Amino acid sequence: MEGIEMELPFPENSSDDFCNTVLSQFCDSNNEHHVHICSAIGTMSQELREQSFPPTPIAYFGATCSSLQTLYTAALEGSPSHLIDALSTILSLVIPRINQAMLRKKYEYLSDVMIQLLGLKTIGIEGIASCLKCVVHLLIVGAKGNWSDVAQLYGLFIGYITDDRQKVRKMSHNCLRDLLQNFQSSSATAPLLAPASEAITNLFERSLLLAGGTTVNASERPKGAQEVLHVLDALKLCLPFMSSKYLNITLKYFKSLLELHQPLVNRRITDGLNALCIHPTAEVSPEVLLDLLSSFATSVSANESSADTLTFTARLLSIGMRKVYSINRQLCVVKLPVVFNSLSDVLGSEHEEAIRAAVEALKSLIHECIDESLIKQGVDNIISSNTDMKKSGPTIIEKICATIESLLTYHYAAVWDMSFQVVVAMFDNLGCYSSHLLKGTLQSLADMEKLPDEDFPFRRQLHGCVGSAVGAMGPESFLTLLPLKLDAQDLSESNIWLFPILKQNIVGAHLSFFTNSILSMVAAMKQRSAMLEREGKIYSARTIDGIVYSLWSLLPSFCNYPVDTAESFKGLEKVFRKALHEEPDVCGIICSSLQILIQQNDSILKGKVDLSDTETSISRERAIARYNQQVADNNLNTLSLSAQKLLPVLYDVFLKSSKDTGGFLQRTIGVLASIADKVREKSLDQSKGKRRVVRVLFTKTMQRLLEVTQEVGEAGMDKKSHSMQIDDSSSKSSLSERAQLFDLAVSFLPGLNAQEIGVLFGALKPALKDEEGLIQKKAYKVLSMILQDCDEFISTKTEELLNLMIEALPACHFPAKRHRLDCLYFLIVHVTKDESEQRRRDSITSFMTEILLALKEANKKTRNRAYEILVKIGHACADEDKGGRKENLHQFFNMIAGGLAGETPHMISAAVKGLARLAYEFSDLVSAAYSVLPSTFLLLKRENKEIIKANLGLLKVLVTKSTADGLQAHLKNMVEALLVWQNSTKNHFKAKVFAFLLDPKLLWFELVLVPVKLLIEMLIKKCGLDAVKEVMPEEHMKLLTNIRKIKERRDRSLASNSEESKSRMTKATTSRLSRWNHTKIFSEFDDGESENSDAEYMDTKTTAGRRSKATLVSDSKASLLRSKKTRKAAKSLQEDLFDQLDDEPLDLLDQKKTRSALRASGNLKRKPESEDEAEIDSEGRLIIHEGDKKQKRVKPATDDLDVRSKAGSHFSENSRNTQKRRKTSDSGWAYTGTEYASKKAGGDVKKKDKLEPYAYWPLDRKMMSRRPEHRAAARKGMSSIVKLTKKLEGKSASSVLSAKRSKTKKKTRSQK
C-alpha cells in the first residue's frame, strides 16, 4: 500500500495553490498511480486557468466531482479506470480542505457519487481506498445524529471489512476505528455509536453462521471462516470504541471461538482483548471479560502451547485481571487462584520469553490485586483455625500462597532465580502478615541453603529472597520461624549463615527485642566461650567470640528506624554504658548505632528524608512511613535524656582510646552534643542539667589542655637551660595528649555556644604557631571545623582571622598545610560572597598565591587538597543558588592568570597549573583560557623545565576541552609553537606532550602520553586534515604524509581483525575511568618517560602486531621493569619529589622528606636487568662461563608461574615458549614424565631423592563453563583417560603420550 501511505492530508486553510501542493508531494515518485495524479491535477489546473477560476480548494473540489461524474458514465461503457483512481485520490485530498458547512449541504450529492464509484467493477485498489477515506470524512462531518441519514453509506462502507484485497481491507479497518472513535468522543454523534456497533456485531454473527452454520453449504464454509478472521482483525482495532451493549455481545462469541483451540483465532482474540483492557475508557462487562480470561487461564498448557501463545496469554491475564479488579474487585479476587495456577504453569515452560512474561504478570497481580482486606481474611482464618478445633477451607489468599510456595519445588529448579522474584514480591506485599501465610515458603528457602553449590547456582538470589522475608516479617517473627540455633553443640547445624542477611535487611524493628533476645544470646555465648576456654579449647572459644561479635553487629540494623525508640532506648542505654567500659571491641558498633538513631530522627524532624532513591526497599519505605515529626521529636527527647549519661562515659573512653578508635568516638560525641541543647525539654531543671553536662565536659577538657600546655612550656624551658641530653619520652606523651585534647574539645562543637567557641579559638591561636608540627596540624584542623560549621563566628572575627592566617604563615609546618588550606578556603568564600567585605579582598590575593604554590607541594595529600580547593572556590563563585555569578568565576580566573607575571618559575608554573585545572573543570572558562595562549607560547620558549611542563599540560587540557570551531581559530599558533619547541636544540628533554585521545565510540577519554606527531594527528581528527595542512609549515609537510599513511595502515589492520579481538579491545578500554590526574598531566618529559609513552600509546590505540619480534623481545624486560617502577611511583610519587628537588634545596630537617628522597635515590641507582648480568644457581652460587660462549640460563620451575602471570602482556620475554606451552596444554600434553622413563624396561623407574614417577593431564577449563555441552565434552575427555588406566598399566607415561601424539599426527596427515 505504498501509494496510499504517501497520500498525506493537507491543512484545511492553506493559502497555497492546491495543484502545487499535490505536485510537490507526488512529482518525485515513479509510482504509476502517482504519475496519473500529477497528470490529472495538471490538466485540471490548466482548465481552471483557462476558464478564469481561482485556484482554490473549492474550485478543484467542483472540478473533481464533475470529472468523476463524466468518467463514471464512460466507465460503464468500459473506459480505463486509472483516471477514476487518480481523481478519487485528488478528491480525498481536497475534501478535508472544504468548509464543513458546505460538505453538509452537499452530503447527499457526495454520498451518491461515492456509492456510484464504489459500485464500479473497474475501479482500482487505490481508488477504493481513496473513496473509503472520503466516506469516513462524510460520515463524520455530515452526520446529524440521525442514523437513517448515514445508514446507507455506512452499510456500503462496512462491507469492505471482509474484502479479499488486503490493502482495501486494512484501509477499511483503520477508517472504521477512526469513525467509531469520533462517534464515541463527540456528543453530537454519540447516538450513532450504538447502531454502528450493532452493524459490526451483525456482520460478525453473519460470518460465524457462514463459517459453521448447519444450513450453510460446505463449499461456503471456508469463505465464512476467512471472513471471521477478517472481522476479528477489525475488532482488534475497534473493540475499545464500540458501545457497551454490542461489545459484550461480541465478547460472548469470543468464548465459543476459544473452544475451537485454533491458534490463528486465539491470537486475534488475544490481541483484541489486550487492546480492550489497555484502553482506559472502554466500557466492558466484568463478568463477560472475567469469563473469557478464565477460559484462557484454564486452556494454558505449557507442554502443548507455543512460546508466542504462552507469552501473549500471560500478558493478557495480567492486564485483563487488573482491568476486572478496577471495575469489580469481588469478582476478580475469586478467580485469582486459577490465574496464579495458570501463570505458574507458564513459568514452568521452556520458553524464556514466556517465563519472563509470567514473572512480570505474577508480580503485577501480587502488587495490584492482593489488597489488605484479602490478606486479613486469610490471616483471621489461620488464627481461628489454630485456636478452634474446627478447620474451614483455605481462603483465596491461602490458595495463592500455596501456589507461590510450589514455585520452590524441584519442578521449577531450572527457573528458581525467576521464582525468587515472585516470592520477593509476595513477601513485600504481605509485609508482617507473611509470617502467617508464608511459613512453608520460608522453610523451603532455608532448606535450599543446604544444597551444595554445584547443584545450586542461585545462592545470591536465595539470600536476597531471604532478606526480603526479614524486611517483611521483622526479625522477631523471622527468628521465631527460622531460629539461629546457636545452642547446638555442632555449629554446622546452626543458621549462622543468616547473620549477613539479617544485618543487611533489618529495618523498622523493635529495640526491646534486641535488648531481651539478642543480648540474651550474647550472654549465653559468652558463658559458652568461657567454658570452652577453661577446657583448653581455644580455637572453639574464639569461634564463639566471633559469633558474639556478629550478634552485636546486628545493633546498627536494629537502630535503623526502630518503632519503639522512645519506649525502649532507656533500657538499652544501661547496656551501652556497661559495654563501652568493659568491651572495647563493640565500641565502634555502639557509636555507629547512636549516630544512626540521632541522624535519622533529626532528618525526619527537619524534613530532609529523600525517598526518591530507586534502591529504597519497600520495608524501608514502610518503616519511614511510621515516622512523623511528632515521633521524631519524642525520640530525640528520649535520646537527649540519655545523652547526659552517655557523654561522660564516652569522654572517659575517648581519653583512653588509641588513634585508630578515636575517630568514631569523636563523631559520636559530636552528635550527642548536638541534641543536648537543641531538643525540647520537659522542665527547666532538666534543660540546665543537660547543658551543664556539655559545658562541664568542655571546661574540663580545656582546663586539662591548659595544664598540659603549661607543662610542655616548662619542660621546654628546662631543656634549654640544661645543655645535657634528657629523656624526651614524657614530652612525646604530652604532645600526643595535647593533640587528643584538641580533638576532644572540637567534638563538643555542635553543642557549644558563641562564648565557648571563643574560648576554644583562644586556645588555638598560640597552637597555630607551635614548634611541633603535630600540634599545628591539630590546631588548623580544629579551626577548619569551626569555620565550616559556624558562619557567625567567621562574620564576627573576620579581621582577626585574616590577620592570624598572615601571621601564622611563616611558622607553618608541612604536615599542617593541608588543613591550613581548608581554613583559607572558608575565609576566601566568605569574603568573596559578602558584598560588605570588598575592602578585605586585597588580603585574599596573598591567600590565593599560597593556594597556587600548594599545587607544587611534594606531599600528595596537600597537593590534591589544593586542587580541590581551587575547584571549590570556582564553584562557589559560579553557583547562583548560593549568591554566586558567572562574572565572579571569570574574575577568579583572571586573578589566577595574574600569577603568570610572577618573578620565579615556581610561581609561574603554579599559576599555569591552576589555570589548567579550572579550564578542565569549567567549560565556560575554555574561551577565557585562549586569552593566555600568547603567554603560553612565549613561556614555551624559555629554557626552564618546570615552566614548560606546566604549559604543555595547559595545552593538553585546552585541546581536549575545546570544540573544533574554537580550536581552529588558534590552530596555526598552536601548531607552530609545538613544532618550534620540538626543533629547539636547547631543550633538556625530548619533544613529548600529553594529549587526551578521544575514542569516537565512547563518551569518555583517556589520558595517555603521545609525541607531538600524535598530538597533531589528534588535531587532524578534530579540525580536519585540510585545516591543519593550511597552517602547517612547508618543511613539516612530510609529517602529515606520514600521519596519513599510518592512519591508513591502522585502518586496514583494524578491518582485518576479528570481531572477537575488537570486542576484547573495546572491553579493555571501557574498563578505565576518566578523571583529573595532575600527576599524569604535569609529569616528567625526560628520556625514560618518552620511551614509556610510546609503549602506553601502543597498548591503548594499536595492536602489538605492528612491532617486530625483535623489538618485542628487546623491550620485554624494559617493559617489566617499567611496570615495577610505575607501581613504586604510584606510592612515592618520585617524579614530583625530584621535580621539587630540582628547583628547591632538600630540607634535611624534615625526616619524612629525607627518607623519601633516600628511598627514591636508592631505586634510581638500581640498574635494570640485562642479558649480561651474572647467573646464580638455586643455592645462591655464582655461575661463571669459560670463554665468550654464553650458555642459556635454566630458570627454576617457579619461572613458569611468572611467565603464566605475564601471559597477557604483548611484551613477554618468553612469549614464544608461552605460546608453545599453551598449545601443548590445550591439546592435553602438559607433563609427560620423560625423566622417569627407563631405557631398558617398558615402565617408569624410581630415582633417589626424587618424587615417585608421575605425569598429569590438566583439567579442561571448559568444565567451568556455563554451557552444558561444554561441560559434557570436558567430562567425556576426562572419562576416556580414566578408562585407559588398565590398558596402560606397566607402561611409562612418556611412551604412552608419545604414542598418542604420533597417532594424532598420522591422523592429521591423512585428513590433509
Side-chain angles (χ1 to χ4, degrees), residues 431-432 471 474-477 506-519 554-580 589-611 616-650 667-695 748 750-753:
C432 59
E476 302 92 334
S477 302
I506 290 177
V507 61
H510 290 80
L511 292 178
S512 57
F513 180 76
F514 184 86
T515 306
N516 300 328
S517 299
I518 304 298
L519 291 181
L554 300 178
L555 178 59
S557 302
F558 275 90
C559 293
N560 191 10
Y561 293 104
V563 297
D564 59 343
T565 303
E567 296 81 9
S568 304
F569 185 77
K570 188 175 181 180
L572 198 58
E573 171 220 313
K574 300 177 182 178
V575 179
F576 285 175
R577 286 191 280 124
K578 182 180 179 181
L580 287 171
I589 296 174
I590 295 174
C591 289
S592 63
S593 303
L594 289 171
Q595 293 177 42
I596 291 171
L597 276 174
I598 296 172
Q599 291 169 357
Q600 286 181 350
N601 284 280
D602 187 60
S603 299
I604 294 289
L605 197 61
K606 295 177 180 178
K608 295 183 179 180
V609 179
D610 185 15
L611 295 177
T616 302
S617 62
I618 296 178
S619 56
R620 182 178 177 84
E621 292 178 359
R622 286 176 178 161
I624 296 176
R626 300 190 191 102
Y627 273 65
N628 53 40
Q629 291 193 349
Q630 183 61 42
V631 173
D633 191 33
N634 295 336
N635 292 343
L636 286 176
N637 280 324
T638 302
L639 292 169
S640 66
L641 291 173
S642 300
Q644 60 182 339
K645 298 179 180 179
L646 288 171
L647 277 174
V649 177
L650 290 171
R667 290 189 294 270
T668 307
I669 292 173
V671 295
L672 287 174
S674 67
I675 65 169
D677 292 334
K678 296 180 181 179
V679 296
R680 298 173 178 85
E681 293 84 0
K682 294 181 179 179
S683 66
L684 185 61
D685 294 337
Q686 290 178 345
S687 174
K688 289 181 180 179
K690 281 190 285 295
R691 287 196 180 97
R692 189 162 53 249
V693 169
V694 178
R695 183 182 298 115
F748 296 105
L752 300 181
N753 55 30

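Heads up: numbering here begins at 1 and tracks the sequence. Fair warning: this is a prediction, and the values are worked out from it, not measured in the lab.
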Original post:
Taking all non-hydrogen atoms of both residues, which atom of A509 and which atom of F558 are closest, and how far apart?
Top reply: CB-CD2, 3.7 Å
Original post:
Counting N and O atoms only, with roles assigned by atom type, does the side chain of D602 sit under 3.5 Å from a partner on the main chain of I598, one being a donor and the other an acceptor?
Top reply: no
Subject >> Distance (rounded to the nearest 0.5 Å) between Q644 CD and L672 CG >> reply: 11.5 Å
Original post:
Pick one: which of L597, I589, L594 meets side-chain contact (heavy atoms from CB on, under 4.5 Å) with C559?
Top reply: L597
Original post:
Does some side-chain heavy atom of S603 sit less than 4.5 Å from a side-chain heavy atom of Q600?
Top reply: no
**OP:** Could you list the residues that satisfy ring-ring contact (aromatic ring centres under 6.0 Å, His included) with Y561, not counting sequence neighbours?
**Re:** Y627
Subject >> Closest heavy-atom pair and its distance - E573, S642 >> reply: OE1-OG, 2.9 Å
Subject >> Pairwise distance CG(L555) to CG(L572) - rounded to 0.5 angstrom >> reply: 6.0 Å
Subject >> Atom of A566, atom of T638 and distance for their closest heavy-atom approach >> reply: CA-OG1, 3.5 Å
Original post:
Between CD1 of I624 and OG of S619, what distance do you get to the nearest 0.5 Å?
Top reply: 9.5 Å
Original post:
Once you round to the nearest 0.5 Å, how far does CG of N753 lie from CZ of R695?
Top reply: 6.5 Å
Original post:
Within the distance-only criterion (no hydrogens, no angle test), does the side chain of S640 pair as donor or acceptor with the backbone N or O of N637 below 3.5 angstrom?
Top reply: yes
**OP:** Tell me, with the steps shown, if N560 and R620 meet side chain to side chain contact (heavy atoms under 4.5 Å, CB included).
**Re:** CA-CA 9 Å; N560 191 10; R620 182 178 177 84; 3.4 Å; yes
Original post:
Do I506 and F513 have side chains that get closer than 4.5 Å, going by heavy atoms?
Top reply: no
Original post:
Closest approach of G751 and V694, non-hydrogen atoms and distance?
Top reply: O-CG1, 3.8 Å
Original post:
Considering all heavy atoms of both residues, which atom of R577 and which atom of K645 are nearest to each other, and what is their separation?
Top reply: CD-O, 3.7 Å
**OP:** Tell me yes or no: between the side chains of Q629 and D633, is some donor less than 3.5 Å from an acceptor?
**Re:** no
Subject >> Sidechain-backbone polar pair: D564 side chain, L511 backbone, donor-acceptor under 3.5 Å >> reply: yes
Original post:
Is there any ring-ring contact (aromatic ring centres under 6.0 Å, His included) pair reaching into residues 628-648, and which pairs are they, with sequence neighbours excluded?
Top reply: none
Subject >> Nearest-0.5 Å distance that lies between atom NE2 in H510 and atom CG in N516 >> reply: 11.5 Å
Original post:
So, do V671 and P750 sit near enough that their side-chain heavy atoms are less than 4.5 Å apart?
Top reply: no
**OP:** Considering non-hydrogen atoms only, spot the tightest contact between N628 and Q630 and give its length.
**Re:** OD1-N, 3.0 Å
**OP:** Can you measure from CZ (F569) to CG (L639) and round to the nearest 0.5 angstrom?
**Re:** 5.0 Å
Original post:
Who are the side-chain contact (heavy atoms from CB on, under 4.5 Å) partners of L580, not counting sequence neighbours?
Top reply: C587, I590, V649, L650, V653
